[in-house]
Amino acid sequence: MVTEHAEATAQVLVASNRGPITYTLGEDGTLDAKRGGGGLVSGLSAVDDKLWVCAALGEGDREAVRRGVGEPGVRMLDIDAEVHADAYNGIANSVLWFVHHLLYQTPVEPVFDAEFRRQWASYETYNRAFAQALAEEAGEGAAVLVQDYHLALVPGMLRELRPDLRIGHFSHTPWAPVDYFRLLPDDIGEQLLRGILGADRAAFLTRRWADAFIGCCTEILGGTGRTRIGVHGLGADADFLRRRSREADVDERMAALREQVGEDRKTIVRVDRTELSKNIVRGLHAYRALLETRPEWRERVVHVAFAYPSRQDLAVYQDYTAAVQSLATEINGTYGTESWTPVVLHVKDDFARSLAAYRLADVALVNPIRDGMNLVAKEVPVVSDHGCALVLSREAGAYEELGEDAIVVNPYDVAGTAEALHEALSMGTEERTGRTKRLAEAATALPPQRWFLDQLEALRQE
């Protein structure tokens, strides 16, 4: 047990795989720092006295740690690169992500063999490094908020080292139902649950995911013990989005997109990472079905699809990205004309262009197989210029809050999604405007700063 923490003073600590800053190592040896965005970064801005513990993700980050380069309030851990790769790609992204998003092709996968066990040992090592760093840095009775499936073992490990701490764990993904969770080897599943139950409080994005976790704990362990379960539905940051979406670079992207779309055409917009769970391929199939079964929309609509690369160091993601590009090309080849490109596909990440697409959208297509929340579904209604119909998968966490004013689809039903797109495109202006307003209100009910402070307050009170 770590007991020598008299000099540690941090009273609010956050642990996550990715931190708020990344470093790039230049050819001349200089380090270039880039700050990240996202809900967690925004939420943490609400707290002044905090320490963020994160992993060094690349050679630039590792070099920054070696040189002692950093910024106040951030401790970056230089975990062995091979250990990190095993833990992050081998376990977190290739096993835990697949389990919670129900992505396995079960006739052939998963295969939990000796290689899996070797990688699992790295996952334990990686989690232990975080637990030890947090134990060293936390002041007496501090609040520690551990983030996501990458660090599921940290609460239990940290509890053994520092029983005085208030520990919370937040899951940004869905949680698998018990029958699917039990694909994992029995000892591993139990270890994951006990790891999270080391926290005073385990929190989730929706009641559905929280109930699934409780179900797993009840079935496998007999209950959740003394750990309290919470729900905090992260919302969109309305003030930031509205301000940012009106800046000059967004206006420039809008002009370029309008030229690509053409005059007097409607737009179906999607903005996603090429993540397997996002269901981009079936979305493209649905759009093709719309053009086939509703020929009146040919020449009158353009699918603006932004599919930004994700996890391209994994072969299955490379293949998926290629499938997205191939299908978009196929649709354009089949239906396109000299004056009309049915699919405008962009694969290079560009936040300003994403905001421009949000503003232009007549329809937003958000059809994940399964998603913890999906902030795109919440962001589009907030910045839409003329109102936007939302076609939303019932398997997105956002469905819990937005389902009443969205057109809801089964993400596997391509024909049904095509009909939903037709309904969305045909929606009258008054109805679309009313729905957009209600969607935006629901989407911004718990903005990032409030989302984080609510968790911190709940953790300190329990």
Side-chain angles (χ1 to χ4, degrees), residues 257 260-262 264-272 274 277-307 323-324 327-337 340-346 354 357-371 374 376-381 384-396 398-399 402-436 438-439:
L257 283 174
Q260 286 182 294
V261 169
D264 300 321
R265 289 190 178 123
K266 295 203 171 190
T267 57
I268 300 169
V269 167
R270 85 169 306 134
V271 177
D272 275 315
T274 48
S277 62
K278 299 298 184 182
N279 211 21
I280 301 170
V281 169
R282 283 194 191 88
L284 286 166
H285 279 302
Y287 178 62
R288 180 168 62 182
L290 171 75
L291 299 179
E292 182 62 31
T293 60
R294 300 283 186 173
E296 65 268 28
W297 287 113
R298 297 177 193 174
E299 300 265 11
R300 294 180 53 213
V301 65
V302 171
H303 186 13
V304 178
F306 297 163
V324 169
L327 185 51
T329 300
E330 184 182 317
I331 293 170
N332 286 336
T334 302
Y335 295 101
T337 66
W340 173 56
T341 303
V343 181
V344 171
L345 177 68
H346 286 285
S354 297
Y358 288 179
R359 288 180 58 185
L360 284 174
D362 295 292
V363 176
L365 175 59
V366 181
N367 68 319
I369 292 169
R370 196 167 164 88
D371 221 336
N374 196 294
V376 171
K378 292 187 168 186
E379 291 168 351
V380 178
S384 170
D385 278 1
H386 305 294
C388 176
L390 175 62
V391 175
L392 179 65
S393 167
R394 67 190 185 197
E395 298 302 314
Y399 164 74
L402 307 183
E404 192 173 326
D405 286 294
I407 300 170
V408 179
V409 296
N410 171 346
Y412 300 96
D413 184 353
V414 168
T417 304
E419 277 303 295
L421 291 173
H422 170 70
E423 180 184 346
L425 289 165
S426 305
M427 189 179 291
T429 302
E430 186 175 344
E431 180 182 359
R432 191 175 65 191
T433 301
R435 287 195 189 213
T436 303
R438 293 189 296 273
L439 287 167

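Just so it is clear, the values below take in all heavy atoms, side chains as well, and ignore hydrogens, waters and symmetry mates.
Using a distance-only test at 3.5 Å, with no hydrogens or angles considered, no donor-acceptor pair links the side chain of Trp297 to the main chain of Glu292. In terms of modelled atom types and a separation under 3.5 Å, the side chain of Thr274 and the main chain of Ala307 share no donor-acceptor contact. With Thr433 contributing its side chain and Gly387 its backbone, the two residues share no donor-acceptor pair below 3.5 Å. A distance-only check finds no donor-acceptor pair linking the side chain of Asn374 to the backbone of Ala396 [under 3.5 Å].
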### Message
Pair Tyr287, Thr417 - check side chain to side chain contact (heavy atoms under 4.5 Å, CB included), show working.
### Response
CA-CA 8 Å; Tyr287 178 62; Thr417 304; over 6 Å; no
### Evaluation steps, side chain to side chain contact (heavy atoms under 4.5 Å, CB included), between Val269 and Phe306
CA-CA 8 Å; Val269 167; Phe306 297 163; 5.9 Å; no
### Task
Show the numbers, then the answer: is there a side chain to side chain contact (heavy atoms under 4.5 Å, CB included) between Val380 and Leu390?
CA-CA 9 Å; Val380 178; Leu390 175 62; over 6 Å; no
### Task
Report the C-alpha distance between Leu360 and Val304 in whole Å, list the side-chain angles of each, state the deciding distance to 0.1 Å, and finish with yes or no for side chain to side chain contact (heavy atoms under 4.5 Å, CB included).
CA-CA 10 Å; Leu360 284 174; Val304 178; over 6 Å; no
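Side-chain contact between Thr329 and Leu345 is absent, with no heavy-atom pair separated by less than 4.5 Å. Two residues are said to be in side-chain contact when any heavy atoms from C-beta on lie closer than 4.5 Å; Thr293 and His422 fail this criterion. In this structure the side chain of Ile407 reaches within 4.5 angstrom of the side chain of Arg435, judged on heavy atoms.
Looking at Glu299 and Thr337, their side chains do bring a donor and an acceptor atom within 3.5 Å of each other.
One finds a salt bridge joining Arg288 and Glu330 here, because a Lys/Arg side-chain nitrogen approaches an Asp/Glu carboxylate oxygen to under 4.0 Å.
For the side chain to side chain contact (heavy atoms under 4.5 Å, CB included) with Thr267, the qualifying choice from Val363, Val344, Asp362 is Asp362, the only one to do so. Here the options are Leu290, Val391, Val343, the test is side chain to side chain contact (heavy atoms under 4.5 Å, CB included), and the partner is Ile268; only Leu290 passes. Screening Lys278, Arg270, Arg394 for a side chain to side chain donor-acceptor pair (under 3.5 Å) involving Asn367 leaves a single residue, Arg270.
For Asn332 against Pro342, the heavy-atom pair with the smallest separation is OD1-CD, 3.0 Å. Contact between Val376 and Pro381 at its shortest, heavy atoms only, is O-CD, 4.5 Å.
For Tyr399, the OH atom is loosely surrounded, since the number of other residues' heavy atoms within 6.0 Å does not exceed 12. Remark: Glu296 CD is packed, more than 12 non-hydrogen atoms of other residues, nucleotides or ligands lying under 6.0 Å away.
Distance CG/Asn279 to OG/Ser393: 7.5 Å, rounded to 0.5 Å.
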